[in-house]
Undergrad: 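For reference, the structure I am asking about is given below.
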Amino acid sequence: MGSSRAKWGILLGAGTIVFGVTIALGLKLLPSPHNETDYLVVGCAATFLSLGVVFLVLLNTQIRPQPALKPSTEPEPGGVGRGEKPPGS
């Protein structure tokens, strides 16, 4: 995964797909003459599931636990930090 924009696009796409599949399944499972209440229930269930998927994916991808031991950023004795070349070399 390269850019942040691609990650957000995939996240929103997954939520949209879950929303559409849930609506299609809900309308297929309910008896045929649908009234307003049926559409309300199917829409609420689809919204609940798609927001749940988006929330879980965000938790798993955006929020990472911090490591207990971080690498030292203090300079080494002698005045040269990690990854730096000593003066004159």
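When reading the values below, keep in mind they use all heavy atoms of this one structure, side chains included, and skip hydrogens, waters and symmetry mates. Predicted, not measured: the structure shown is a model, and the values here were computed from it.
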Undergrad: Using atom types as modelled, flag every donor-acceptor pair under 3.5 Å from a side chain in residues 46-53 to any protein atom, sequence neighbours excluded.
TA:
from	atom 1	to	atom 2	distance (Å)
T47	OG1	G43	O	2.8
S50	OG	A46	O	3.0
S50	OG	T47	O	3.2

Undergrad: Pair V18, V21 - check side-chain contact (heavy atoms from CB on, under 4.5 Å), show working.
TA: CA-CA 5 Å; V18 169; V21 168; 6.0 Å; no
Undergrad: Which residue pairs pass the ring-ring contact (aromatic ring centres under 6.0 Å, His included) test when at least one of the two sits in residues 24-43, sequence neighbours left out?
TA: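 Every ring-ring contact (aromatic ring centres under 6.0 Å, His included) pair that includes a residue of residues 24-43, provided the two are not neighbours, is H34-Y39.
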Undergrad: Rounded to the nearest 0.5 Å, what's the gap from CG on L56 to CG on L59? Could you check?
TA: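 It is 6.5 Å, given to the nearest 0.5 Å.
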Undergrad: Got a sec, which residues hit side-chain contact (heavy atoms from CB on, under 4.5 Å) with T16, two or more places apart in sequence or on another chain?
TA: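 Here no residue qualifies.
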Undergrad: Identify which one of V42, V41, L25 satisfies the side-chain contact (heavy atoms from CB on, under 4.5 Å) criterion when paired with L30.
TA: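 Exactly one candidate clears the test, V42.
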Undergrad: Does F55 have any ring pair (Phe, Tyr, Trp, His ring centres under 6.0 Å) partners at least two apart in sequence or in another chain, and if so, which?
TA: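 Result, ring pair (Phe, Tyr, Trp, His ring centres under 6.0 Å) vs F55: none returned.
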